[in-house]
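By convention in this document, chain letters (A, B, ...) are assigned in the order of the sequence lines, proteins followed by strands, and residues within each chain are numbered from 1.
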Amino acid sequence: MEPRYDHAEVEKKIYEQWEQSGYFNPDKLPGDRTEPFTIIMPPPNANGALHAGHAMFVTIEDIMIRFARMQGKKALWLPGTDHAGFETQVVYERKLEKEGRSRFDLTREELYKEIWDFTQEHKKNTEAGLRSLGASCDWSREKFTLDPEIIKIVYATFKRLSDDKLLYRGKRIVSWCSKHQTSFSDLEIEDVERVDPLYYLQYGPFVIATARPETKFGDKYVVMHPDDPRYAQYKEGDKIDLEWINGPITATVIKDDAIDMAFGTGAMTITPWHDATDFAIAERHGLEKEQVIDERGKLLPIAGEFAGMKIAEARPKIVEKLAAKGLLIKTDEHYKHVVRTCYKCGTILEPQIKDQWFIKTKPLAASAIQAIEDGSIVFIPEHYKKICLHWLENIIDWNISRQIAWGIPIPAKLCDSCGEGIVDLDDSIHKCPKCGGALRKDPDTFDTWFSSGQWPFATLGYPDGKDFKTYYPTDVMETAGEIIFFWVTRMIMLGLYATGEIPFKNVYLHGLVLDAKGQKMSKSKGNVINPLELTEKYGTDALRIALVIGNTPGTSLALSEDRIRGYRNFSTKLWNIARFIQMNKPENFAGANMDIANREEVKELQALKTEITKHIEGFEFHLAAEKLYHYVWHTFADKIIEAEKKKLSDGTKAEKSESYAMLEYLLLGSLKMLHPFMPFVTEAIYQIFRPGKILMIEKW
RNA sequence: GCGCGCUUAGCUCAGCGGUAGAGCAACUCGUUUACACCGAGUGGGCCGGGGGUUCAACUCCCUCAGCGCGCACCA
């Protein structure tokens, strides 16, 4: 053995050996394995390079899979990649921008084709990256979210939701991004606190307060609380003629409980097309709704002289005119409120009334809540349970339509004459069943999370696939705590709905990987760590164990190069322990006959094994890894080997043999336990001592 | 506003009813069957403040403070 472990040389060779052995595929594992253990990999987005978060999930999931495999289970880790709809389109649009092009210069088909090629390229890089991180996943079962068999399952769920009346097409308020030209669900929105002026405007006999004067052109309803004594003289339905921004109008009085008497003057006018609260009031009272701002964020002709202006440009001019007409009573310049922005570009989102497909989430959430509350699904760490339940209990209907090209096309037809939407999987409906009108294809695509939400059963070939029957429900869903609502809750809801069973028994959530200073990694800060650079420098094993030790589930981890270097030293240490033992192998050693079972050191190792097993089964990987590290270095190397040195040099032949037998036993035992954490170096050493064997499938 | 966390050695964090732990960093000494990517050792902590439960609290409960995050239609 070389004095120093050369990870670069060893890792590639060993991964190839594993892959060629076929043992990543549970069907090809030796022995009679009945108990399945399944993890579906959270598919990385096929739109960029691997980042530290990927290294984190690979490490944790690979630990569980390798452990299960060594325990004799049918261990399946199913890999995949995600087309990542909107996310990818945003990445691609940025690329277009840099090239001086725009998505709006391309037809949907052209754009789709370009992004397809782009993702296929990234997909290859992603797969190579996962391999170099040591992922022992079954490549023969790899899936892509746009594979035809996946889309087929997604479509079937869509149809079933429609048949079960859990899907509707509705004119509802959605959040609209004027830059990206698409609507969102409630999750793609980032609330930002801002301080803006609040304008008090004279509206006939009333004074109303608003932060958005530019939406007020069409306001013809003035609303107050039914119990407000200040407005007791006004009755619902009263008509009042008044002078407004662009001339005289007739306002109608409405009374509604939604009004907060303490805010402003207790009276407000409503803009149902551009505000969710106002929309709800309008729905309750059957009021007219009128669009004031278009999809590009510009004022419509209703704004008169201001038509065609962007909001930012129009607002001060409108305020100026209001002041000139004597309608501006006062301005409170320090009104603190929250505006909703696009989580990608920060553009202030404009609520718009749009025809979109919505899923009625309440019934789906109810069964998810039950599965979580009765403990069928367990969260690690535990506190995510409460977070999840809180979200599910307050869930709102889910807009799954996106006005972007990159995604799974929504299999539906739309009727322009009556507004009906009809689910049509096989392009067989050509006339509106409601009014007989002409139909056109719905141009929209699904929210990417609608398909990802079906990932656990879709990848396993629901409903008839053999894999589905064997491996579902899966054992663990391991992913980033960040995407708990986007993904985890949706998988639970859709999994239970489609299959009647939970999609996974355990949810393990890891935290963010931060830079050495504890800051979030981002491209703009330039502090993004490329895991593959680190593995090249220090070895994959060093990176992996650095990501595990001291990292409790759910909490973020500051990753410094110092840390990884420290664990690289551990790889070297392990290598040298092996080298020392190998150098002391007696000639004609007959190890099989040595009786060492009663040695204290052997018992100690067995006790350690019990602890490590318990920790891994309890998802306490940080404790397992730390104890192993400590044992190997400070007990095995520092104490046991040091104590045996004398016997190895001066002992009788029998003593030498016994010492060697014991050290070899302890070494191989340690390697086994370390293998899930540091697969490469342990495999390399193991095969030196046991030529022809593969540690990956040795018995735990 | 509601909810969820965090606060332990210089730094990053484990531990969570029974005499304070690791890695990194610092300091001293050391080349002896592997390993200087090493070994032997040292220093360093009112375990955020206050109160309570207990024979016993860093650990459980309450409260305050600071920090972080999530959710939320007050115009």
Side-chain angles (χ1 to χ4, degrees), chain A residues 1 3-5 173 175 186-187 189-191 198-201 208-213 215-216 219 222-223 258-271 274-281 335 337-338 340 351 381-391 393-396 481-482 484-485 511-512 514 516-518 520 538-539 542 545-546 549-552 554-584 620 622-623 625-627 629-630 633-634 637-638 641-642 644-646 648-650 663:
Chain A
M1 287 171 77
R4 198 152 290 176
Y5 168 61
I173 279 271
S175 296
D186 52 316
L187 290 179
I189 290 162
E190 199 171 309
D191 289 348
L198 185 66
Y199 305 97
Y200 286 79
L201 308 177
I208 58 152
T210 183
R212 300 200 59 191
T215 65
K216 295 285 144 195
D219 288 12
V222 58
V223 191
I259 300 299
D260 178 355
M261 286 187 263
F263 187 90
T265 59
M268 73 170 192
T269 63
I270 58 168
T271 314
H274 301 291
D275 185 281
T277 311
D278 296 1
F279 178 82
I281 293 171
Y335 170 55
H337 67 148
V338 164
R340 317 186 110 198
E382 220 181 341
H383 75 259
Y384 274 108
K385 176 178 171 174
K386 281 193 220 162
I387 294 173
C388 226
L389 285 172
H390 183 257
W391 188 81
E393 279 154 8
N394 296 292
I395 198 163
I396 62 170
E482 271 188 307
I484 184 168
F485 304 138
L512 293 170
L514 308 173
K517 290 178 199 147
K520 194 168 172 170
Y538 299 108
I545 202 145
I549 292 186
N551 181 22
T552 35
T555 31
S556 47
L557 176 83
L559 186 66
S560 67
E561 220 170 303
D562 265 354
R563 234 178 116 77
I564 300 164
R565 186 165 6 93
Y567 293 114
R568 185 273 320 269
N569 296 355
F570 181 55
S571 295
T572 311
K573 185 75 187 177
L574 197 58
W575 184 260
N576 277 296
I577 289 168
R579 199 157 76 97
F580 174 81
I581 294 172
Q582 194 207 32
M583 281 164 54
N584 282 287
E620 298 169 319
H622 61 297
L623 295 181
E626 196 174 335
K627 279 185 184 172
Y629 176 95
H630 202 263
W633 203 313
H634 301 298
D638 291 351
I641 290 181
E642 288 305 320
E644 293 300 313
K645 275 184 179 171
K646 205 174 193 147
L648 286 170
S649 60
D650 309 335
L663 293 180

_Which heavy atom of His337(A) sits nearest to which heavy atom of Ala211(A), and what is that distance?_
CE1-CB, 4.1 Å
*asked:* Counting only side-chain nitrogens and oxygens, does Arg340(A) get under 4.0 Å of the OP1 or OP2 atom of C73(B)?
replied: yes
*Relative to the 5' end of RNA chain B, which residue comes earlier, Asn584(A) or His383(A), by the nucleotide with the nearest heavy atom?*
His383(A)
*Could you tell me whether a side-chain N or O of Thr572(A) sits under 3.5 Å from a main-chain N or O of Arg568(A), the two making a donor and an acceptor?*
yes
*Classify the side chain of Lys645(A) versus the base of A34(B) as yes if they form a donor-acceptor pair under 3.5 Å and no if they do not.*
yes
*Give a yes/no answer on whether the side chain of Arg565(A) brings an N or O atom under 4.0 Å of OP1 or OP2 in C37(B).*
no
*Scan Gly266(A) against the nucleic acid and name what it touches under 4.0 Å (heavy atoms): base, sugar-phosphate only, or nothing.*
base
*asked:* For a quick check, tell me whether the side chain of Lys573(A) and the base of C35(B) share a donor-acceptor pair closer than 3.5 Å.
replied: yes
*asked:* Applying the Watson-Crick and G-U wobble criteria at under 3.5 Å, what pairs with C58(B)? Answer none if nothing qualifies.
replied: none
*asked:* Distance check, P atoms only: G66(B) and U53(B), in whole angstrom units.
replied: 28 Å
*Between the side chain of His622(A) and the main-chain N/O of Ile549(A), is any donor-acceptor distance below 3.5 Å?*
no
*Would you please confirm or rule out a distance under 4.0 Å between OP1 or OP2 of A36(B) and any side-chain N or O of Arg4(A)?*
yes
*asked:* Please confirm whether the shortest side-chain N or O distance from Asn576(A) to OP1 or OP2 of C38(B) is below 4.0 Å.
replied: no
*Identify whether any heavy atom of Gly550(A) sits under 4.0 Å from a base atom; if not, whether one sits that close to sugar-phosphate; answer base, sugar-phosphate or nothing.*
sugar-phosphate
*Quick one: does NZ or CZ of Lys645(A) land under 6.0 Å from the six-membered ring centre of Phe580(A), within 45 degrees of the ring axis?*
yes
*Measure from CZ on Arg568(A) to P on G23(B) and round the result to the nearest Å.*
17 Å
*C67(B) pairs with which nucleotide, Watson-Crick or G-U wobble, both distances below 3.5 Å?*
G5(B)
*asked:* Without decimals, in angstroms, what is the distance between Glu393(A) CD and C4(B) C1'?
replied: 14 Å
*If you measure from the C1' atom in A26(B) to the same atom in U12(B), how many Å do you get, rounded?*
16 Å
*Minimum-distance pair of heavy atoms, taken over all atoms of Leu557(A) and Ala546(A)*: CD2-O, 4.0 Å
*Atom-pair distance (CG on Asn551(A); P on G23(B)), nearest Å*: 18 Å
_Counting only Watson-Crick pairs (N1-N3 plus N6-O4 or O6-N4) and G-U wobbles (N1-O2, O6-N3), all under 3.5 Å, who is the partner of U42(B)?_
A26(B)
